[in-house]
Asks: 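Here's a structure for you.
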Protein chains: 2
Amino acid sequence: MAAQRGQRNGVGVTPPAPTAAEITTPIPRVTEVPAARERARAIPEAAVARLAVYLRVLSGMQEHGAGTVSSEELAVAAGVNSAKLRKDLSYIGSYGTRGVGYEVAVLIEEIERILGLTRKHSVAVVGIGNLGHALANYGGFPGRGFPVTALFDVDPDLVGVPVGGMPVEHIDDIPRVCAEREVSIGVIATPPPAAQAVCDRLVSAGVQCILNFAPVVLQVPDHVEVRKVDLAVELQVLSFHVARRADNAAVLAEANGRAVDGMVVS
Amino acid sequence: MAAQRGQRNGVGVTPPAPTAAEITTPIPRVTEVPAARERARAIPEAAVARLAVYLRVLSGMQEHGAGTVSSEELAVAAGVNSAKLRKDLSYIGSYGTRGVGYEVAVLIEEIERILGLTRKHSVAVVGIGNLGHALANYGGFPGRGFPVTALFDVDPDLVGVPVGGMPVEHIDDIPRVCAEREVSIGVIATPPPAAQAVCDRLVSAGVQCILNFAPVVLQVPDHVEVRKVDLAVELQVLSFHVARRADNAAVLAEANGRAVDGMVVS
DNA sequence: TACCGCTTGTGAACGTGTGCACAAAGTCAG
DNA sequence: CTGACTTTGTGCACACGTTCACAAGCGGTA
């Protein structure tokens, strides 16, 4: 969940709070919004993540010259249940033809529209260590539409050095550079102790979406979206499964050959 | 999941299948297992991921000399609701003292036990490109207990070259090396087209847990656990939120100052 | 045109996870 | 020892996401 599954700042969960002043300007409470594109809000987060997967699979299919797909085909390729897939697609509208399937090109277009991939999203990477280096070199970042337009680090020896064809800037320049280059997504790849400070700078520079690789729980204002990629957590979840498997095997072995019962070690 | 989060192989969702022959040997169906440590199975995946986060926070607290924590303190530090935290902890047992809180040391020990961190888990990294390089240099991998004991690549120029103090092996040697070094977790950091083949080799080498960085849906047997870290998906989810935000702002602006209605750009 | 088979889209049941609120249980002061 | 205060552990209700199952709708065929 990911996984994942994204961090929400979670702290301000005080429900009796009226949560006034939502986006930027003091808006006098708009509860019943026109709902034309408000539909977007209704898409569950998990479904959004899957839509991104469908999009990738569809792109592959298009390159192989496929004109249409059935929900079943697409579901198998994406590794999900076909009913779930259809429900996910229904969140963005009805673009299929009953008895036939979906037109690949149409689906790609609609998913890209919903995911906001029609606009380019400038990405800034902060922290040019091992991981930041790798991210900067990732070839303009995975897939379409996420050009890396700024790199930052605190190390003066790194500042000015080109990495992946782009000079590293000092983190003190985050506000200026992010504003100039209209950065909309910040990637934090710093050591843990620096992460919160960097995050604060990005936020005050107007960045509203952050991808955090540092193993730290970031505190951000409500209007900022944070997603977390935590290698340690991923490994530990896998470790849990290893342990569970081993334990189950032991229990099962005990349950079958029940002669030895002094064997169960704590 | 993302969260996210973890990929389940999802394809074999045929519910009428009896799912016979579970783990390794032909076991005659054990439904009601002793349930002593079967409790482990009952822990929701999302809770496991959070336990890993709690563990990190607790370690930090212990270094700062904290002896006990209340659920509220720990919850704030971990960025979750305190009720959720208590429920998560209750999955692993009752180790708190009412009126006082939890002993940090005890909690750390119990979480480590549940997550299986008392054993060492050898990690193999396959694909020594940008990302694989970064992972190999990550300093024995994040935190405790996950030593990287093998590196693999298909490029003959890389084989034998030491990366992070460890020579790269050829992927043809995956079965032998993984068996020798008792690798329990495989990390796939290859280009997408190679991922499935590498995965198959790891699985046939006996690796049961895989962390996949390649943007591909891996097909694995039921007994293998896969977790996926997909940068493209993460970015696209963030992109979705950028778009949603922009749309909402536009709608709100329209709803408020309803004089200008030609301003809403698609 | 009428029928048939196929696939979508979705209402409804189900299961899981989250959040609330409170009893149970402990500490500490007097 | 008693009583007040604090914090855990959990039953319960709710919300969310997943899965099922089927009616609605479309293309092809006679």
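Note that the structure is a prediction, hence the values are computed from the model and not measured. Quick note on labels: first sequence line is chain A, next is B, and so on, each numbered from 1.
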Asks: Indicate for each nucleotide in nucleotides 21-30 of chain C, in 5' to 3' sequence, whether protein heavy atoms under 4.0 Å reach the base (B), only the sugar-phosphate (S), or nothing (-).
Replies: B--BBSS---

Asks: Treating B:Ser59 as the side-chain partner and B:Leu55 as the backbone partner, does any N or O pair qualify as donor plus acceptor under 3.5 Å?
Replies: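 Present.
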
Asks: Look at the side chain of A:Lys84 and decide which nucleotide, out of D:dG9, D:dT19, C:dT7, has an atom nearest to it.
Replies: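 Selected nucleotide: D:dT19.
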
Asks: Hey, which of B:Leu135, B:Leu231, B:Thr190 is the one that makes side chain to side chain contact (heavy atoms under 4.5 Å, CB included) with B:Phe213?
Replies: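 With B:Phe213 as partner, side chain to side chain contact (heavy atoms under 4.5 Å, CB included) holds for just one option, B:Leu135.
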
Asks: May I ask you to check whether A:Ser71 and A:Arg86 show a side-chain donor-acceptor distance below 3.5 Å?
Replies: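 Yes, because at least one side-chain N or O of A:Ser71 sits under 3.5 Å from a partner of the opposite role on A:Arg86.
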
Asks: Sub-3.5 Å donor-acceptor pair from the side chain of A:Glu63 to the main-chain atoms of A:Gly60, do we have one?
Replies: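 Pair absent, no side-chain N/O of A:Glu63 close to backbone of A:Gly60.
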
Asks: Note down the inter-axis angle between the two ends of the helix from C:dT1-D:dA30 to C:dG30-D:dC1, five pairs each, to the nearest 10°.
Replies: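 Nearest ten degrees gives 0° for this helix.
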
Asks: Rounded to the Å, how far apart are B:Glu72 CD and C:dC20 C1'?
Replies: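 After rounding, the gap between these two atoms is 14 Å.
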
Asks: Taking CG from A:Leu85 and C1' from D:dC20, how many angstroms apart are they, rounded to a whole number?
Replies: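 Computing the A:Leu85:CG to D:dC20:C1' distance gives 16 Å.
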
Asks: Think A:Ser71 has a side-chain N or O under 4.0 angstrom from the OP1 or OP2 of C:dT8?
Replies: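 Yes, within the criterion.
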
Asks: Enumerate the protein-to-nucleotides 11-17 of chain C contacts in which both atoms are nitrogen or oxygen and the separation is below 3.5 Å.
Replies:
residue: C:dG11; atom: O6; partner: A:Lys87; partner atom: NZ; Å: 3.4
residue: C:dA12; atom: N6; partner: A:Lys87; partner atom: NZ; Å: 3.1

Asks: Would you tell me whether B:His121 and A:Gln236 have side-chain atoms, one donor and one acceptor, within less than 3.5 Å of each other?
Replies: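 Per modelled atom types, B:His121 and A:Gln236 side chains form no pair under 3.5 Å.
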
